[in-house]
Amino acid sequence: MTTMTETSARFREFKMPDVGEGLTEAEILKWFVQPGDTVTDGQVVCEVETAKAAVELPIPFDGVVHELRFPEGTTVDVGQVIIAIDVAPGSGDAPAPAAAAPVQEPAAEPEAEAEPKGRTPVLVGYGVAESSTKRRPRKGSAAAPEAAAVAAAVQAELNGHGAPAAPTPAPAVPVQGGRPLAKPPVRKLAKDLGIDLATVVPTGKDGIITREDVHAAAAPAAPEAPAAVASPVAPAPAVAEAPAVVSDSARETRIPVKGVRKAIAQAMVGSAFTAPHVTEFVTVDVTRTMKLVAELKEDKDMAGVRVNPLLIIAKALLVAIKRNPEANAAWDEANQEIVQKHYVNLGIAAATPRGLIVPNIKDAHDKTLPQLAEALGELVATARDGKTSPAAMAGGTVTITNVGVFGVDTGTPILNPGESAILAVGAIKLQPWVHKGKVKPRQVTTLALSFDHRLVDGELGSKVLADVAAILEQPKRLITWA
């Protein structure tokens, strides 16, 4: 799909591209440019989040930013124009930017309203930060003080403060097409709560009414409270000064489920209720593996790469799969076939601010120990920076999830969709262990292997898990079994 169009010889438009595998939408997380900024071919202009990852988008031509079509936090359909570039600045008067309607209420219905600046949701019931109400008045609307006074009077009447007064003009709220600006989910919420959007003071960017604004309008006011508390835009300290009945909405924070987190939820539900999971456990003495890790850290051939127990565990799983290749497969439901994989794309579950993602090391079975260590380091660093690409998460065959870093002994991991097995690694702890007929303190961990019982029966799954455990107990098997 082309990502740009020519509106004239001077202005060019850049469209939201399909940055994944058939994705239909993406959320604009951050703009790195503003109108008037000069951009060059290949310069990153924004960061977007798809259902798979956060991706930076470069502009494919030189020029000056003329217009940003959507604000941060907006979910945009693939193919919609997101930015216009003046490729011939200085050649004449530039036309005014197009109407801001697409920015305020895009054609695509987003999962939830755009969040306030900084992407930090406002806790419902605590009022809105003073800075969020300081907006430039729009043309044709009343002055800000007058609008605020009218809004406060209307809200006070709605909340039961004072006797009904004579009809008061509606607050001067930015409107579009004769109605206040709000996105479909917010309109539905207002309808469900019986709130007239015309009486709600917007705090969202460009005058958009947010979910928090609707909840604030619907929240019951404190009995016998000062008049200042009745205002929906009163700062938090003013509310705290007098006893108040806190609305249930003040006890909850609602987080829109979208992007990576939404995709994770859907994938996990699909996996849990599609693939018949079986999980087996084994507790193993990994003292020799820990000694090997310490020795490798001092080895000059491993200089410059991170050596840790996960590296040896990953290598052990690769050897176990080589010894039991039938376990490296996928279930093709459409064709009713088992697809044997003659390669291993090793997934590593990584916790990120956007949720759990599982990038994988391509052709991990072909890598030497130093190469595997380098690939692991790059994978983890990229995930932590939020730069993992959709391609890096596609095509995995088996996965490792290291819950031990949280001090957890083990768990029953859910399969990554399309994969045959996932190995959970628990915390490595010093425990009493029978070693050579005597009870001694040893480094011990518990492994849990979940597998798709359509592909892997109990015997095969047990062999894979037993092989991993045997290697970690006697890591010299990495040589004798490889």
Side-chain angles (χ1 to χ4, degrees), residues 261 263-284 286 309-333 338-341 343-351 355-361 364-365 376 379 383 393-428 444-473:
R261 194 172 297 277
I264 293 169
Q266 292 173 340
M268 291 299 97
V269 170
S271 175
F273 291 99
T274 301
H277 284 57
V278 172
T279 305
E280 294 185 344
F281 308 87
V282 64
T283 302
V284 58
V286 295
L310 179 61
L311 172 63
I312 307 303
I313 294 167
K315 193 65 176 177
L317 180 58
L318 292 171
V319 172
I321 290 175
K322 182 179 179 181
R323 286 167 53 85
N324 303 277
E326 298 86 357
N328 187 40
W331 182 269
D332 186 342
E333 180 65 28
I338 294 176
V339 182
Q340 292 285 341
K341 305 293 180 67
Y343 59 90
V344 180
N345 289 345
L346 181 62
I348 303 294
L356 184 71
I357 62 174
V358 188
N360 59 76
I361 300 171
H365 63 289
L376 273 171
L379 179 147
M393 292 186 285
T397 59
V398 294
T399 290
I400 295 175
T401 177
N402 186 9
V403 297
V405 297
F406 304 107
V408 175
D409 291 334
T410 191
T412 53
I414 296 178
L415 291 167
N416 204 31
E419 299 184 8
S420 59
I422 178 170
L423 178 70
V425 182
I428 299 175
V444 177
T445 191
T446 299
L447 308 175
L449 183 71
S450 292
F451 48 87
D452 186 340
H453 216 344
R454 297 172 299 179
L455 306 164
V456 182
D457 60 23
E459 179 186 11
L460 181 57
S462 299
K463 286 181 177 179
V464 173
L465 184 59
D467 281 355
V468 174
I471 293 171
L472 296 182
E473 186 175 17

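For clarity, every value in this text was computed on a predicted model and none was experimentally measured.
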Could you grab the distance from atom CG of D457 to atom CZ of F451, nearest 0.5 Å is fine?
7.5 Å
Within the structure provided, determine whether V398 and L423 are in side-chain contact (heavy-atom separation under 4.5 Å).
no
Residue set satisfying salt bridge (charged side-chain N to carboxylate O under 4.0 Å, His left out) with D409, at least two apart, ordered chain then number -> K429
For E473, check side chain to side chain donor-acceptor pair (under 3.5 Å) against everything at least two apart and list the hits.
none
Within the structure provided, determine whether P309 and V286 are in side-chain contact (heavy-atom separation under 4.5 Å).
no
Please examine the side chains of V284 and T445, heavy atoms only from C-beta on, and report whether any two atoms are closer than 4.5 Å.
yes
Sequence-distant partners of T399, side chain to side chain donor-acceptor pair (under 3.5 Å), two or more places apart
E419
Distance in Å, F281 CZ paired with L447 CG, rounded so as to fall on 0.5 Å steps
11.0 Å
Going by the rule side chain to side chain donor-acceptor pair (under 3.5 Å), which residues pair with T279 if we only count those two or more places apart in sequence or in a different chain?
S450
Could you tell me which residues satisfy side chain to side chain donor-acceptor pair (under 3.5 Å) with T283, sequence neighbours excluded, listed by chain and number?
T446
For N328 and I321, indicate whether the former's side chain and the latter's backbone hold a donor-acceptor pair under 3.5 Å.
no
Looking at N360, L318, L317, which one forms a side-chain contact (heavy atoms from CB on, under 4.5 Å) with V344?
L318
Report yes or no: does S420 contribute a side-chain atom to a donor-acceptor pair with the main-chain N or O of A327 at less than 3.5 Å?
yes
Can you give me the closest heavy-atom contact between G411 and A424, atom names plus distance?
O-CB, 4.4 Å
Between T397 and N345 (side chain of the first, backbone of the second, donor and acceptor by atom type, cut-off under 3.5 Å), is there such a pair?
yes
Minimum-distance pair of heavy atoms, taken over all atoms of A316 and L472
CB-CD2, 4.1 Å
Here the pair of heavy atoms bringing R323 nearest to D467 is NE-OD2, 3.0 Å
Contact summary for H453 and G458, nearest pair of heavy atoms
CE1-N, 3.5 Å
Contacts of K463 meeting salt bridge (charged side-chain N to carboxylate O under 4.0 Å, His left out) (sequence neighbours excluded), chain-then-number -> E459
Identify the two heavy atoms, one from T401 and one from P413, that lie closest to each other, and give their separation to 0.1 Å.
CG2-CB, 4.0 Å
Which distance, rounded to the nearest 0.5 Å, do you find between the CG of N416 and the CD1 of I357?
11.0 Å
Nearest-0.5 Å distance that lies between atom NE2 in H277 and atom CD1 in I422
8.0 Å
One should read off an interatomic distance between L415 CG and L455 CG, to the nearest 0.5 angstrom, of 9.0 Å
